[in-house]
Amino acid sequence: MKKITLQINQKEYEASDGETILDVTKKNNIHVPTLCHWDLLSPFGQCRMCVVEVDGNIGPVTACNAPVWDGMNVVTESDNIAELRRNNLKLILGNHPNDCMTCEKTGNCKLQNYAYQFEVHAEWSQQTIRKFPELPNNGVIEWDKDKCIMCTRCARTCGELQGSYALGFKAHGFTALGAPNDSNISKEGDCELCGQCIDACPVGALQELSVKGKGRPWQFEKTRTTCTYCGTGCNYFLNVKDKKVVSISPCFEAPVNDRGSLCVKGRFGYEHIHHKDRITTPLIRKNGKLEEASWEEAVTLIAEKFTEIKKKHGPDSLGFLSSSRCTNEENYIFQKLGRMMGTNNVDNCARVCHSASVSGLAACYGSGAATNSFDQIRDTELLFVIGANPYEAHPILGLKIKDALKKGTKLIVGDPRKTQLAEKADVWLNLIPGTNIALLNGLIHVILKEGLEDKEFIKQRTEGFEALKKGVKKYTPEYVSGITGVAKDRIIQAARMYASTDKAMIVYSLGMTEHTTGTYNVMSLGNLATVTGHLGRSSVGINPTRGQNNVQGSCDMGALPNKYVGYQDVGDEKTQKKFEKAWKTKLNDKIGLTCTEMDIAMNKGKLKGYYIFGEDPAMTNANVNYVKSGLKKLDFLVVQDILPTETSEFADVILPGSSHAEKDGTYTNGERRIQLIRKAIDPLCGKADWETICMVAKALGIKNMEYSSPSEIWDELASVAPMFAGVTHERCNPDGIQWPCPSLDHPGTKIMYEEKFNRPNGKAKFNFQEHIASAEVPDNKYPLILSTGRRRQHYNNGSMTRRASTIYDKWPEEALELNPFDARRFNITDSEKVLASSRRGEMEVKVQITDRVQPGITFLAFHHRDALTNLLTNDAFDPVCKIPELKSCAIKIEKLNGHK
Ligand SMILES: Nc1nc2c(c(=O)[nH]1)N[C@H]1C(S)=C(S)[C@@H](COP(=O)(O)OP(=O)(O)OC[C@H]3O[C@@H](n4cnc5c(=O)[nH]c(N)nc54)[C@H](O)[C@@H]3O)O[C@H]1N2
Ligand SMILES: Nc1nc2c(c(=O)[nH]1)N[C@H]1C(S)=C(S)[C@@H](COP(=O)(O)OP(=O)(O)OC[C@H]3O[C@@H](n4cnc5c(=O)[nH]c(N)nc54)[C@H](O)[C@@H]3O)O[C@H]1N2
Ligand SMILES: [Mo]
């Protein structure tokens with residue numbers, strides 16, 4: 001970019017062509033007042049507070065949208081300028097109420113600050129009263145229309161940054177204001193409650209209702225931390241007053257949510273922290289009822305029972321289910337506890353989530369994690385999103401996708417459901433659930449037939465190509481169309497687009513993994529990325545959107561039955577010796593049970609004692625009737641959670657957990673970024689989860705498990721896992737580090753496999769697989785396919801989001817999505833309650849008639865206890881990674897009248 005020189009207030013400055021005057025003054029700490037300008041938005045030039053004088057120009061110009069030129073001479077302060085700004089303020093204040101001192105925004109209001117600075121006095125307030133249309137409040141964000149200064153920052157934020165267009169301009173002229181949009185300015189028009197408009201508003205017109213009266217901004221202690229919901233890893237501030245988290249506000253410096261953007265859960269899903277249902281003391285079941293107990297009593301009982309079970313039935317009669325909602329440090333010591341007890345029956349919720357990614361990607365490339373970084377999404381030329389719904393499940397990644405689309409990035413979506421993203425696709429591959437392998441083989445078939453593969457890449461960096469070539473031969477577009485239901489032209493078009501675009505990135509998720517063919521699905525997707533050479537560079541690769549805030553981390557930490565921390569193999573002689581030496585004990589070298597296998601072992605009476613930490617399998621595993629029957633058969637169940645759950649109903653002892661606001665540690669997000677979480681308040685129950693686990697270990701007589709802080713735990717695990725050797729808590733501050741990071745001078749890894757793959761010979765491997773149908777397909781008795789997944793507003797078992805009144809009041813119930821064709825077929829009307837049943841269970845649920853689902857396919861989320869979706873789902877699992885088929889089973893629906 002061309003460099004130019006200009007003068008500002010008689011001093012010389014360098015700038016680049018294309019910058020505005022305001023860009024240059026900001027960079028050089030020259031203060032120019034602004035109201036309608038926000039750095040995150042394009043310049044608007046409406047409020048005219050930023051007027052400056054430019055030599056040779058007839059009148060003053062607005063600094064925010066005036067470009068600089070070589071030799072320009074700018075004056076930012078003069079009597080004339082001050083008077084102009086003062087007059088602008090007078091005009092604005094003339095329409096502004098004069099309740100300044102009682103306004104929540106006092107002290108943080110730009111208008112108020114400028115009124116002081118430019119000495120505009122109170123008599124200017126409310127000279128003119130505007131007439132505004134009456135608009136309903138949405139119950140969450142207060143819209144105080146009289147305070148609106150018409151800067152339009154809220155509406156521009158909603159459209160430009162969030163891509164939601166729920167706020168627009170209500171009218172023209174004097175009655176124009178940012179307001180909920182009911183005009184046809186926007187096509188979407190749905191408020192997602194991201195809350196970004198609150199931060200955009202420079203005055204008190206938009207505020208979070210529930211924070212009103214809880215204190216003024218300067219009274220809050222602010223702690224930057226990492227969000228506790230999904231694997232995106234957004235950062236924000238917890239605002240604390242009187243030892244209570246009263247609100248959440250954005251952090252604009254974070255690497256992941258770089259514009260401070262948050263989703264509805266991140267922004268408003270915090271009420272669980274101080275909810276009355278929080279478990280704050282240990283509970284012991286006595287005569288069938290849970291009663292409050294002391295820590296001492298609870299921990300002694302656990303030690304007694306686990307010791308007794310181990311003695312009587314051997315260590316493998318014990319199981320340890322770790323928590324992807326909790327920190328790396330907690331996961332490390334939790335799996336260590338299990339292993340020190342002599343068992344590898346250690347697992348985490350990745351089993352029912354992305355375990356197929358771990359096994360599938362490792363088979364292709366040697367590591368089971370995302371190959372690239374989230375910010376590279378913005379620079380891709382083509383995105384292939386398959387089996388993922390980021391607009392709902394990872395909304396901040398969704399924003400990056402929206403940015404890319406705005407720039408012209410092409411989009412292919414592979415999803416049976418017409419998601420919001422699928423609506424935007426250049427090609428929507430509307431496959432039948434469970435036909436992923438056939439579809440992917442079909443795409444590769446076209447690519448090879450048309451010679452679009454990357455021949456050089458295949459030759460230099462891969463192995464096993466011939467078998468793939470032979471295998472995909474029969475997957476012609478016609479054949480694949482017959483299996484998948486996708487029109488053959490779409491298959492051909494998608495294959496050509498993906499293969500012939502240089503920067504083409506794959507984003508995928510559970511639509512690929514949660515199948516009995518999960519591992520093979522991921523391998524087939526790997527084949528596609530490899531055959532086209534879309535690997536090892538920026539803005540390409542194959543990227544699973546990891547689910548939980550720390551599911552990447554709990555796998556990394558070895559909360560897996562076959563791996564120690566850092567993916568070191570259980571049973572490998574050298575590794576066994578290494579950990580025996582480090583932990584000073586003899587260790588079991590037999591691979592343990594997965595959590596889905598533990599469900600079977602409980603039912604067979606082989607698993608007797610189970611410690612479930614921050615997970616709710618009685619609600620979230622497939623076929624929960626089976627899970628519950630197993631839990632009932634246990635001799636002893638310990639649950640450590642922050643809130644009561646379906647699973648805790650079966651507990652013999654409940655240990656209180658600590659929420660993310662109550663502890664230090666790290667979470668690892670879906671792009672392998674290890675980020676700090678920072679304690680904002682003391683644990684409500686008196687102990688952080690890691691302290692509780694240590695206490696249990698001590699009571700069990702386990703030595704070497706006493707730690708004074710999470711960073712001490714981190715240092716221990718980094719000393720035994722080479723991929724983390726260069727990471728310390730200190731280095732993770734403030735923006736985190738992406739693993740692998742093998743030494744203290746290593747900067748971390750943004751892109752994997754730039755030079756070689758992690759397999760022994762450094763090459764990527766093709767793994768051809770044939771199409772295999774889902775374990776259960778529709779028939780006369782159960783004629784509909786049920787697929788399951790997520791809604792943006794709720795989170796997994798819903799224990800937290802159902803307790804956030806802001807969220808729950810607006811989204812209180814679940815409904816089964818049914819295509820209008822099926823509704824007619826089964827004579828069902830919209831909102832009617834039906835009985836939905838599968839071979840495993842039944843539930844009553846409301847129906848929503850929508851063409852989001854295709855004929856023959858239904859969809860349910862699983863966030864509500866009163867619509868327990870997993871009563872229906874199939875627990876048949878993938879033979880390699882043991883993930884259950886949560887994304888496809890057969891159901892029927894019946895009208896309820898007359899049934900019960
Ligand atoms: N709001 C919210 N966000 C969340 C969560 C939450 O509960 N709520 N949970 C977090 C967790 S733990 C996870 S793992 C992630 C999950 O994130 P995602 O996997 O993106 O979410 P899902 O809705 O489960 O499923 C994704 C898509 O797969 C499609 N699908 C179903 N079957 C098939 C198939 O056979 N083939 C293909 N190609 N697609 C199919 C579904 O229609 C759906 O659109 O989200 C995380 N983020
Ligand atoms: N039908 C269907 N079922 C599914 C899925 C699907 O797509 N469809 N997806 C599956 C997937 S991907 C996943 S990941 C699982 C998720 O299943 P789970 O892991 O069981 O569900 P979560 O709600 O994420 O969290 C479990 C528990 O952790 C607790 N918790 C949260 N934070 C803390 C903390 O800091 N300390 C302690 N001690 N406890 C805490 C919460 O209160 C909650 O009860 O569900 C699976 N189930
Ligand atoms: Mo997940």
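Just so you know, these numbers come straight off a predicted model, no measurement behind them. These values consider heavy atoms only, across backbone and side chains, with no hydrogens, waters or symmetry-generated copies.
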What is the distance from atom CG of L871 to atom OG1 of T869, rounded to the nearest 0.5 Å? 8.0 Å
Can you list everything that forms a ring-ring contact (aromatic ring centres under 6.0 Å, His included) with H863? Sequence neighbours excluded, please. none
Are N328 and Y667 close enough that some pair of their side-chain heavy atoms sits under 4.5 Å apart? no
So, do F220 and F237 sit near enough that their side-chain heavy atoms are less than 4.5 Å apart? no
CD-CD1 distance between E649 and I654, expressed to the nearest 0.5 angstrom: 8.5 Å
To the nearest 0.5 Å, how far apart are CG in L593 and NZ in K882? 8.5 Å
Would you say T801's side chain and Y795's backbone share a donor-acceptor pair under 3.5 angstrom? yes
Does atom NZ of K289 have more than 12 heavy-atom neighbours from other groups under 6.0 Å away? no
For the pair Q640 and D689, evaluate side-chain hydrogen bond (donor to acceptor under 3.5 Å, both in side chains) and give the outcome as yes or no after the intermediate values. CA-CA 8 Å; Q640 182 167 326; D689 280 301; 2.8 Å; yes
Please step through side chain to side chain contact (heavy atoms under 4.5 Å, CB included) for the pair R790 and E392, ending with a clear verdict. CA-CA 7 Å; R790 288 153 172 82; E392 301 217 40; 5.6 Å; no
Classify the side-chain pair S888/E885 by whether it contains a donor and acceptor separated by less than 3.5 Å. no
Between D878 and T516, does any side-chain donor sit less than 3.5 Å from a side-chain acceptor? no
Going by atom types alone, do T620 and N796 pair a side-chain donor with an acceptor below 3.5 Å? no
Any donor-acceptor pair under 3.5 Å linking the side-chain atoms of Q335 with those of N331? no
Any idea how F334 and F613 line up, ring-wise: parallel (<30°), tilted (30 to 60°), or perpendicular (>60°)? tilted
Backbone N/O of K244 and side chain of D242: donor-acceptor pair under 3.5 Å: no
Any salt bridge linking K243 with D682? Criterion: basic side-chain nitrogen under 4.0 Å from a carboxylate oxygen. no
Without swapping roles, check the side chain of N549 against the backbone of C230 for a donor-acceptor pair under 3.5 Å. no
Yes or no on side chain to side chain contact (heavy atoms under 4.5 Å, CB included) for Q848 and L818, after CA distance, side-chain angles and deciding distance? CA-CA 6 Å; Q848 187 200 354; L818 187 72; over 6 Å; no
Donor-acceptor contact present, side-chain E329 to main-chain G665, <3.5 Å: no
Does some side-chain heavy atom of K846 sit less than 4.5 Å from a side-chain heavy atom of L816? no
Is the shortest heavy-atom distance from the side chain of I612 to the side chain of L637 under 4.5 Å? yes
Heavy-atom count check: over 12 atoms from other residues, nucleotides or ligands less than 6.0 Å from E297 CD? yes
Going from CG on N623 to CG on L872, what distance comes out if it is rounded to the nearest 0.5 angstrom? 9.5 Å
Taking C-beta and beyond as the side chain, do E208 and F268 meet within less than 4.5 Å on heavy atoms? yes
With a 4.0 Å cut-off, would you call K663 and E330 a salt bridge? yes
Less than 4.0 Å between a side-chain N and a carboxylate O, is that true for K286 and E292? no
Could you check K563 against M557 for side chain to side chain contact (heavy atoms under 4.5 Å, CB included), going step by step and ending with a plain yes or no? CA-CA 9 Å; K563 302 279 176 189; M557 292 302 113; over 6 Å; no
Which atom pair, heavy atoms only, marks the closest approach of G368 to R546? O-NH1, 4.0 Å
Between K628 and D599, is the closest basic N to carboxylate O distance under 4.0 Å? no
Please check if the side chain of R351 supplies one atom and the backbone of C881 the other of a donor-acceptor pair under 3.5 Å. yes
Would you say S837's side chain and E842's backbone share a donor-acceptor pair under 3.5 angstrom? no
Any side-chain donor near an acceptor of the partner, S324 and N550, under 3.5 Å: no
Without hydrogens or angle criteria, can the side chains of S509 and H354 be said to hold a donor-acceptor pair below 3.5 Å? yes
Distance (rounded to the nearest 0.5 Å) between L634 CG and N603 CG: 9.0 Å
Enumerate the residue pairs fulfilling side-chain hydrogen bond (donor to acceptor under 3.5 Å, both in side chains) with a member in residues 222-237, sequence neighbours excluded, ordered by first and then second residue. K222-N239, K222-S249, R224-N235, R224-D735, N235-Q675, Y236-H660
From CG (L684) to OG (S658), nearest 0.5 Å: 9.5 Å
Testing the basics here: between N669 and G231, what is the closest heavy-atom pair and its distance to 0.1 Å? CB-O, 3.2 Å
Can the positive tip of K687 be found less than 6.0 Å from the middle of the six-membered ring of W295, inside 45° of the ring normal? yes
Hey, can you tell me if H864 and Y808 have their rings parallel, tilted or perpendicular (30° and 60° cut-offs)? tilted
Between S322 and S554, is there a side-chain donor-acceptor contact under 3.5 Å, judged purely by atom types and distance? no
For the residue pair W714 and I674, establish whether any side-chain heavy-atom pair is separated by less than 4.5 Å. yes
Over all heavy atoms of both residues, which pair between P683 and A688 is shortest? Give the atoms and the distance, please. CG-N, 3.6 Å
Are S838 and L786 packed together at the side-chain level, in the sense that at least one heavy-atom pair is separated by less than 4.5 angstrom? no
With a 3.5 Å cut-off and no angle check, do the side chains of Q420 and R852 form a donor-acceptor pair? no
Got a donor-acceptor contact below 3.5 angstrom from the S648 side chain to the P644 backbone? no
Sidechain-backbone polar pair: D347 side chain, L560 backbone, donor-acceptor under 3.5 Å: no
Please test K633 against M602 for side chain to side chain contact (heavy atoms under 4.5 Å, CB included), starting from the C-alpha separation and ending with a verdict. CA-CA 6 Å; K633 287 187 185 143; M602 292 192 293; 5.6 Å; no
When you measure from the side chain of K265 to the backbone of R792, do you find a donor-acceptor pair of N or O atoms at a distance under 3.5 Å? yes
Any side-chain donor-acceptor pair under 3.5 Å between S357 and Y508? yes
When you check the side-chain N and O atoms of T873 and N870, is any donor under 3.5 Å from an acceptor? yes
Would you say that R840 contacts N625 through its side chain, given a criterion of any heavy-atom pair below 4.5 Å between the two side chains? no
Taking the basic N atoms (NZ, or NE/NH1/NH2) and the acidic carboxylate oxygens, is any pair closer than 4.0 Å for R791 and E814? yes
What are the two closest non-hydrogen atoms of S355 and I883, and how far apart are they? OG-CB, 3.6 Å
Shortest non-hydrogen contact from V256 to E671? CG2-OE2, 3.6 Å
Presence of salt bridge, K241 and E221, under 4.0 angstrom: no
salt_bridge(E615, R325) N-O dist < 4.0 Å: no
Using every non-hydrogen atom in the two residues, find where D664 and R678 come nearest and quote the distance to one decimal. OD1-CA, 3.4 Å
